[in-house]
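Letters A, B, ... mirror the listed sequences (proteins, then strands); counts begin at 1.
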Amino acid sequence: MLDIKYIRDNPDALDQALQKRGQPVAAKQILGLDKERRGIQTQLQELQQKRNDTSKKIGELKRTGADATALMEQVAHDKNLMAELEAEEKELAVELDKFLATIPNIPAPDVPEGKDEKGNVEQRRFKEPTRKNNSKEHFEIGENLGLMDFDTAALLSGARFTLLKGQLAKLERALGNFMLDMHTKEFGYTEISPPLLVREQIMFGTGQLPKFREDQFQVRDLTPDESRGIFLQLSLEEMVDKKNYFQTERYENGVRVVSYTEEGEKRFNHLYEQKGGLWLIPTAEVPLTNIVHDEIVDEAQLPMRFVAKTPCFRAEAGAAGKDTRGMLRQHQFYKVELVSITTPDQSEAEHQRMTEAAETVLKRLELPFRTMALCAGDMGFAARKTFDIEVWLPGQNTYREISSCSNCGDFQARRMKARFRKTGDKSPQFVHTLNGSGVAVGRCLIAILENYQQDDGSVAIPAALRPYMDGLEAIKP
RNA sequence: GGAAGGGUGGCCGAGCGGUUUAAGGCACCGGUCUUGAAAACCGGCAGAGGUGAAAGCCUCUCGUGAGUUCGAAUCUCACCCCUUCCGCCA
C-alpha cells in the first residue's frame, strides 16, 4: 500500500512508476477521490465539533438543574445532515482504500526499464554453464532412477504434483536441512516453524490479497451451499421485504424458492468472502513477514531475520500449459524462505546481504547460476527492487529462477501496520520488509539432478550434501 | 461439538451514560541529586486523520460494524478475535 500523502505530493512519480511497470496511470483518479473525501470530512468535522460543544453545555445545564430544551433541539437539527455526510465520507474512503490496495509498489530509481524478463540485467554469475549434447531433463533422470513418480501423484492429486521415493525423497529433506543450517549458523537467521494456514488479513498484509485471489488456495469449513443457507436464514426476513435484495420469493409445492437480484448476489459474495476460511500459504514470506503485523517494535530489535522451510501452495491459475512436464511448476513444493524486518536505513544493505545468503547456497552446492536485477515490468506487486537468482539447468539448456530476493520498502509494512519506534523519537515509523528464497528446494533438487547427472544414469551427491545423506556419494539406478 | 469468561494506550490495569481532555502502575524520554550509576523526587509520554506558513486548533479511535441518546469505553444487537473447562482427536 502506498502512502496517500506521497501520492498527493508526487502524483507524477506515481504515474511514471506505473508506466514503468507497464500499467495504466492512476494518480488523477486517486487524487480526485482523495480531494472529494477530504472536503466532506472537513464539513463533517465542523458539525461534529459543534455537536460536541453543545452537548457539553447541555450536560452543564442539566447538572445545575436548568432547562436545556432549546439547545437539545438545536443539536437534533443537524443530525440528518451529519448522517448523510458520514455515509458519503465512508463510501468514498472505502472506494479509495480498495483502489489503493491494488496499486503496486513504486520501483526504486535504479531498477532497470523494461516490460518483461528480456529487460532484466545480469549482475554477476558463478561458474559457466555446462553444455553437453546428451544432458537429460530432471524428470527423465528421476524416472529412470525409479524414484520420481508422476503417475501415482496424478492418481492421488491430479496434475502438477510429484511423488518422490527413497534416496530422492531423502535428498529433498537433505537439501532443506542443509539450507536451514547454513542460514541459521552462518547468516544469523532465526529458524521458524510457522502455520501454513493463515487468515485473510495476513494474506492482505504481504500483498497476495485482494489482487491475486485466483492464484491462492483456500480452505473452508463451509461449502458454498452451506454458507448460502446460513446467509439466507440470517438475512431473509429483514431483507426480502425491506430492501428487496432478492427478486422473488415464491412457493412451489410448498417449498419456498428464492431467486437473487444482482444486489443479493453481491451481498452474498461479500459475506462469503468475509466468512471465508483460512488460506494456504503460497510462500513462507506470508507468515514470516506478518510476525510483526500490527506491532510497534523497538529499534534495538531490528534487523530481525527469520528463516523457515515450508511447503508452498500455488493454484498456478495463469500458467495453464506452462512447464507441464516434471516438477518445475507444482501446486505444492518446499521452499526455504528468508525474511528480514529492518529500519529504512538498513534495508538496502540487508537486500545485498540476503541475496548473498541465497547465492551462497548454490555456491556450496557448486551449481552454476547468474544473478539478475529485475526490470520494472517483471517485478512483483509488493517489490521495490528484486534480484532473481537463476540456476543453470543443462537438461533444459537454460537458466531458471530458483530464488527471488525483494526489498519491499515500507509497502507491506503499511498494509500490515508494522512499525518501529526510534529511541527518543515520539512517533513510530513503518519498518522495511524483505524476503527471498534461500532457495526453492524443489527446483534445487532439479538443478542437482541435471547438473550432477552421470552418463550411467546415476546422480552424484555434492560434497556439501553428503553429511546430510549419510555419506552417500551417488544415487544409482 | 458443548459450556463459560474476556478484548481499554508500547505493556499491565481501573472505569460500566455527562468535571474522562481514559485513573493508577510498568517501560521509555528529559531534569534535580551524584565522581559515575542506582534509588528517590519533579516533569514528559497513545495512534490515525483534517486544517494551518507555523505555533496551534479540531475530528475519529477503548476488538469491528450498526443502533438507542442532546451526549456512549459505559446501554442494545450482530460479527470478529482470544482464553478457560468438558467432549473428540495427532
Side-chain angles (χ1 to χ4, degrees), chain A residues 1 3-8 31 33-83 85-94 96-97 100 193 195-202 204 221-222 226-227 230-231 233-239 242-243 267-268 270-278 290 292-302 410 413-431:
Chain A
M1 192 91 93
D3 188 358
I4 183 72
K5 281 191 225 153
Y6 174 84
I7 298 175
R8 267 179 223 151
L31 290 184
L33 278 170
D34 180 51
K35 196 175 174 191
E36 199 182 343
R37 187 186 74 87
R38 279 196 289 168
I40 289 168
Q41 187 181 13
T42 307
Q43 274 185 64
L44 175 64
Q45 289 186 353
E46 278 165 12
L47 284 175
Q48 283 170 330
Q49 184 183 355
K50 197 166 133 198
R51 179 205 58 195
N52 290 348
D53 291 345
T54 314
S55 287
K56 212 168 268 180
K57 278 183 204 149
I58 293 171
E60 283 164 24
L61 285 178
K62 287 214 163 177
R63 211 169 319 113
T64 56
D67 177 42
T69 339
L71 283 177
M72 283 166 70
E73 273 168 18
Q74 194 185 319
V75 176
H77 181 258
D78 287 334
K79 257 197 147 179
N80 288 340
L81 181 56
M82 274 179 63
L85 286 173
E86 225 166 290
E88 230 174 304
E89 198 268 346
K90 197 170 170 190
E91 198 180 316
L92 283 168
V94 167
L96 183 61
D97 279 348
L100 272 179
S193 174
L196 308 178
L197 298 167
V198 298
R199 298 183 205 287
E200 173 114 6
Q201 208 187 355
I202 298 306
F204 179 87
D221 51 4
L222 293 177
E226 283 170 333
S227 180
I230 285 171
F231 172 62
Q233 277 171 6
L234 272 179
S235 338
L236 198 64
E237 265 65 53
E238 66 238 40
M239 283 185 160
K242 257 196 199 161
K243 303 223 171 179
R267 219 11 230 272
F268 164 74
H270 177 71
L271 195 94
Y272 183 57
E273 278 171 26
Q274 288 227 311
K275 289 225 170 218
L278 298 166
N290 276 284
V292 291
H293 189 279
D294 203 18
E295 291 267 330
I296 302 179
V297 300
D298 283 341
E299 187 184 19
Q301 291 175 264
L302 303 176
D410 62 6
R414 190 166 276 113
R415 296 169 84 94
M416 292 191 301
K417 294 190 178 66
R419 293 160 294 177
F420 76 102
R421 200 187 300 275
K422 248 189 178 147
T423 5
D425 264 20
K426 261 210 307 226
S427 41
Q429 49 180 312
F430 290 109
V431 297

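Take A:Gln301 and apply the side chain to side chain contact (heavy atoms under 4.5 Å, CB included) test, not counting sequence neighbours, and it matches A:Val297, A:Asp298, A:Met304. Listed by chain and residue number, A:Ile296, A:Pro428, A:Phe430 satisfy the side chain to side chain contact (heavy atoms under 4.5 Å, CB included) test with A:Arg419 (two or more places apart in sequence, or in another chain).
Side-chain proximity of A:Arg37 to B:rG18, B:rG49, B:rU51: nearest is B:rG49. Candidate nucleotides B:rG47, B:rG18, B:rG50 were compared by shortest atom distance to the side chain of A:Arg419, and B:rG47 ranks first. Side-chain proximity of A:Arg199 to the nucleotides B:rU51, B:rC81, B:rC70 is greatest for B:rC81.
Rounded to an integer number of Å, the gap from CG of A:Asp97 to P of B:rA48 is 15 Å. One atom, CG of A:Leu44, and another, C1' of B:rG50, lie 11 Å apart when rounded to the nearest Å. Residue A:Asp3 contributes atom CG, which lies 12 Å from atom C1' of B:rG49 at whole-angstrom precision. Atom-to-atom, CE of A:Met1 to C1' of B:rA48 comes out at 13 Å; the value is rounded to the nearest Å. Across the protein-nucleic acid pair, A:Lys5 atom NZ and B:rA48 atom C1' stand 9 Å apart, rounded to whole Å. The separation between A:Gln301 atom CD and B:rA27 atom P is 17 Å, rounded to whole Å. Atom pair A:Glu295:CD and B:rA46:C1' shows a separation of 15 Å (rounding to whole Å applied). Atom pair A:Ile58:CD1 and B:rU69:C1' shows a separation of 11 Å (rounding to whole Å applied).
Spacing between B:rC28 and B:rC11 at atom P, rounded to whole Å, works out to 15 Å. Across the C1' atoms, B:rU64 and B:rG71 are found 22 Å apart, a figure rounded to whole Å. A distance of about 15 Å separates the C1' atoms of B:rC75 and B:rG18, rounded to the whole Å. Look at the C1' atom in both B:rC45 and B:rC29: the space between them is 8 Å, to the nearest Å. Comparing the C1' positions of B:rU76 and B:rC82 gives an interatomic distance of 23 Å, to the nearest angstrom. Across the C1' atoms, B:rA22 and B:rA3 are found 34 Å apart, a figure rounded to whole Å. Annotation: B:rG25 and B:rA39 have their P atoms spaced 16 Å apart (nearest Å). Comparing B:rA14 with B:rA66, their P atoms sit 29 Å apart, to the nearest whole Å.
Using a 4.0 Å heavy-atom distance criterion, A:Thr54 is classed as making no nucleic acid contact. Heavy atoms of A:Arg8 sit under 4.0 angstrom from primed sugar atoms or phosphate atoms, though from no base atom.
The phosphate of B:rC28 (OP1 or OP2) has no side-chain N or O of A:Arg421 nearer than 4.0 angstrom.
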Expected string for nucleotides 58-68 of chain B under the B/S/- scheme (protein heavy atoms, under 4.0 Å, primed atoms plus P, OP1, OP2 as sugar-phosphate) is SBS----SS--
Intra- and inter-strand pairing of RNA chain B, written as dot-bracket with Watson-Crick and G-U pairs under 3.5 Å and | for the latter, reads ((((((((.[[[..)..(.....]]].(((((.......))))).((((((....)))))).[[[[[..)....]]]]])))))))....
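Between A:Met416 and A:Asn290, some side-chain heavy-atom pair lies under the 4.5 Å cut-off. In this structure the side chain of A:Ile7 reaches within 4.5 angstrom of the side chain of A:Leu100, judged on heavy atoms.
Where A:Ile296 and A:Asp34 each meet RNA chain B at their nearest nucleotide, the meeting point lying more 5' is that of A:Ile296.
Sorted by first and then second residue, the salt bridge (charged side-chain N to carboxylate O under 4.0 Å, His left out) pairs with a member in residues 40-54 of chain A read A:Lys50-A:Asp78; sequence neighbours excluded. Sorted by first and then second residue, the salt bridge (charged side-chain N to carboxylate O under 4.0 Å, His left out) pairs involving residues 35-44 of chain A (not counting sequence neighbours) are A:Asp34-A:Arg38, A:Arg37-A:Glu89.
Looking only at distances, a side-chain donor or acceptor of A:Arg415 sits under 3.5 Å from a matching main-chain atom of A:Phe204.
Closest approach of A:Leu31 and A:Arg8 over heavy atoms only: CD2-CA, 3.7 Å. Residues A:Ile40 and A:Leu85 come closest through the heavy atom pair CG2-O, 3.6 Å. Taking every heavy atom of both residues into account, A:His293 and A:Ile202 meet most closely at CD2-CD1, 3.9 Å.
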From CA spacing to verdict: side-chain contact (heavy atoms from CB on, under 4.5 Å), A:Gln45, A:Gln48
CA-CA 5 Å; A:Gln45 289 186 353; A:Gln48 283 170 330; 3.9 Å; yes
